[in-house]
Amino acid sequence: MKKARLILQDGSEFEGYSFGAEHSVAGELCFYTAMTGYPESLTDPSYRGQILVPTYPMIGNYGVPADEKVDGISRFFESEKIWCQALIISDYSEQFSHWDSARSLGTWLKQQDVPGICGIDTRVLTQKLRDNGAMLGKIVFEGEDVEMADPNRRNLVAEVSTKEIRTYGNGSKKVLMVDCGMKNNILRCLLKYDVTVKRVPWDYDFRGEEYDGLFISNGPGDPSICTETIEHIRWALQQDKPIMGICLGNQLMAIAAGAKTYKLKYGHRGHNVPVRKVGTHSCLITSQNHGFAIDDKTLPAEWEPMFVNLNDGTNEGVRHRTKPFFSAQFHPEASSGPVDSMLLFNEYVKSL
């Protein structure tokens with residue numbers, strides 16, 4: 001294995017060994033706490049611009065599935081490609097075993113031209129990110145240096161959103177999906193119901209469209225950059241048609257309503273994160289992937305928090321007090337992860 005160095009913005013360095021594509025990259029380091037689900041996480045567009053650090057030490061032991069599609073949607077992955085900048089792990093397992101595995105993780109990373117390095121003490125690295133917050137970093141191969149780069153300065157949503165309008169299903173209710181970096185499992189969950197989903201780009205002007213409900217997907221980066229999407233959602237909030245948002249969609253709907261967002265220290269990324277439905281003792285175990293959050297104190301009077309994170313008290317969803325608008329900061333489609341909150345799709349479809 002070829003040697004590579006991980007260099008952080010504070011000057012600290014870690015040496016590891018390449019098992020993926022061998023070229024230098026830069027991005028923002030973040031850790032995620034899930035023990036499983038690396039094929040789904042790597043293909044989640046919300047990780048655009050991130051250098052991903054799993055906290056679980058052994059990665060690759062169950063390989064990677066084949067590229068299969070069902071009704072035009074990938075059977076196993078959350079999009080058509082790997083979106084993160086690179087993967088950093090402790091112990092890489094070249095030998096893999098699983099009923100759906102078709103290749104090794106290293107082979108897949110090379111096919112997708114994404115670097116992966118192993119042999120890094122990810123426990124120490126995670127502690128550093130926990131104490132200092134998300135940090136810029138770069139993976140450098142000998143003779144090929146790159147500059148540090150903050151991905152949050154770019155419009156990451158524009159980079160990951162669909163470039164064309166697509167339609168899925170043939171149900172009686174029409175859902176207009178604003179794709180800000182949509183995970184495929186959102187489609188899979190919606191299409192279990194009697195709906196047709198029309199998927200449109202992040203900046204698509206849907207104000208002249210006929211639809212029964214609006215859906216705002218997850219996505220990467222700073223929500224305040226998506227000014228076109230916010231403008232269109234602001235118009236939709238003056239109507240009475242149901243709206244549901246997930247992750248970035250939660251933040252965009254809150255900004256359109258008049259609230260503010262802020263960057264979390266190191267974000268929430270991983271499985272088994274507990275959230276409580278406000279006003280109840282009901283707790284959901286959730287899957288999460290976000291680096292920004294809504295400031296509850298800035299919500300207008302006609303809006304209220306819907307869920308709260310039981311680890312740190314941050315916002316996990318909002319809802320309108322009288323209109324059928326609500327959103328979740330976590331991932332009710334949870335691929336991969338716990339399925340406690342999939343009931344939110346049922347609540348949304350019933351409101352159409």
Side-chain angles (χ1 to χ4, degrees), residues 30-48 50-70 73-84 86-93 96-106 108-109 112 114 116 122 126 160 181-192 217-220 246-250 267-275 283-291 307 309 311 316 328-345:
C30 66
F31 64 86
Y32 84 101
T33 59
M35 293 176 64
T36 60
Y38 56 80
E40 295 90 343
S41 295
L42 291 171
T43 52
D44 180 352
S46 293
Y47 280 119
R48 177 65 168 170
Q50 306 288 318
I51 297 176
L52 205 54
V53 183
T55 58
Y56 190 66
M58 184 173 66
I59 302 293
N61 55 310
Y62 58 87
V64 174
D67 297 311
E68 299 179 19
K69 289 189 176 183
V70 177
I73 306 171
S74 174
R75 182 182 177 191
F76 299 108
F77 302 121
E78 291 308 298
S79 68
E80 304 305 313
K81 60 178 287 187
I82 296 175
W83 286 105
C84 68
L87 179 66
I88 297 174
I89 64 174
S90 175
D91 182 14
Y92 171 57
S93 177
F96 58 90
S97 177
H98 194 271
W99 67 267
D100 66 9
S101 59
R103 56 200 151 166
S104 70
L105 174 59
W108 186 44
L109 289 174
Q112 296 271 325
V114 175
T122 52
T126 299
V160 302
M182 183 199 71
K183 291 175 64 181
N184 281 332
N185 210 42
I186 295 176
L187 277 180
R188 299 185 195 108
C189 289
L190 283 173
L191 293 174
K192 293 176 182 178
S217 84
N218 64 292
I246 289 178
C247 198
L248 183 76
N250 176 55
H268 299 151
R269 297 179 176 92
H271 299 169
N272 303 331
V273 180
V275 304
C283 180
L284 301 174
I285 304 302
T286 67
S287 174
Q288 305 207 3
N289 176 16
H290 57 275
F307 296 99
N309 188 301
N311 288 334
E316 290 287 351
Q329 185 60 63
F330 50 89
H331 285 273
E333 84 287 350
S335 182
S336 60
V339 296
D340 291 29
S341 53
M342 281 191 177
L343 53 91
L344 294 180
F345 288 100

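- For the atom pair CG (L248) and CE (M182), the distance works out to 14.0 Å, reported to the nearest 0.5 Å.
- To the nearest 0.5 Å, atom CD1 of residue I73 and atom OG of residue S79 are 12.5 Å apart.
- In this structure, the side chains of T286 and Q329 stay at 4.5 Å or more apart for every pair of heavy atoms.
- A donor-acceptor pair is defined here as one N or O able to donate and one able to accept, closer than 3.5 Å; such a pair exists between the side chain of R103 and the backbone of P65.
- Checking side-chain atoms of N218 against main-chain N and O of G181 turns up a donor-acceptor pair under 3.5 Å.
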Legend entry - Trace of the side-chain contact (heavy atoms from CB on, under 4.5 Å) decision for R75 with R188: CA-CA 9 Å; R75 182 182 177 191; R188 299 185 195 108; 5.9 Å; no
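- F77 has its ring centre less than 6.0 Å from the ring centre of W108.
- Heavy atoms only, all atoms of each residue included: I59 and Y38 are closest at CG2-CD2, 3.7 Å.
- At least one side-chain heavy atom of F345 sits less than 4.5 Å from a side-chain heavy atom of E333.
- Atom OH in Y56 sits 11.5 Å away from atom OG1 in T122 (nearest 0.5 Å).
- Considering NE2 of H331 and CG of N185, their distance stands at 11.0 Å, rounded to 0.5 Å.
- A 4.5 Å side-chain heavy-atom check between M35 and H271 finds every atom pair outside the cut-off.
- Smallest separation of non-hydrogen atoms from I82 and L109: CD1-CD2, 3.8 Å.
- Between H268 and H290, the angle of the ring planes goes over 60°, which puts this pair in the perpendicular group of the 30/60° scheme.
- Contact of the N311 side chain with the P274 side chain is registered, since non-hydrogen atoms from C-beta on lie closer than 4.5 Å.
- L52 and L42 make their closest contact through CD2-CD2, 4.0 Å (heavy atoms, listed as atom of the first residue, atom of the second, distance).
- Heavy-atom minimum distance, A328 versus L344: CB-CD1, 4.1 Å.
- Listed here is the closest heavy atom pair of S336 and S287: O-OG, 3.1 Å.
- Remark: side-chain polar atoms of K183 are paired, donor with acceptor, to backbone N or O of S335 under 3.5 angstrom.
- Heavy-atom contacts from other residues, nucleotides or ligands closer than 6.0 Å to CE of M342 number more than 12.
- Separating the CD atom in E316 from the CD atom in Q288 is a distance of 4.0 Å, to the nearest 0.5 Å.
- Relative ring orientation between Y32 and Y47 is described as tilted, the plane-to-plane angle lying within the 30° to 60° band.
- Across every non-hydrogen atom of S90 and P57, the tightest pair is CB-O, 3.5 Å.
- Two residues are said to be in side-chain contact when any heavy atoms from C-beta on lie closer than 4.5 Å; F76 and P39 fail this criterion.
- One distance of note links CG of D91 with CD1 of I89; it measures 7.0 Å at 0.5 Å rounding.
- In this structure, S101 contributes its side chain and S97 its backbone to no donor-acceptor pair below 3.5 Å.
- Contact of the Y92 side chain with the L87 side chain is not registered, since no non-hydrogen atoms from C-beta on lie closer than 4.5 Å.
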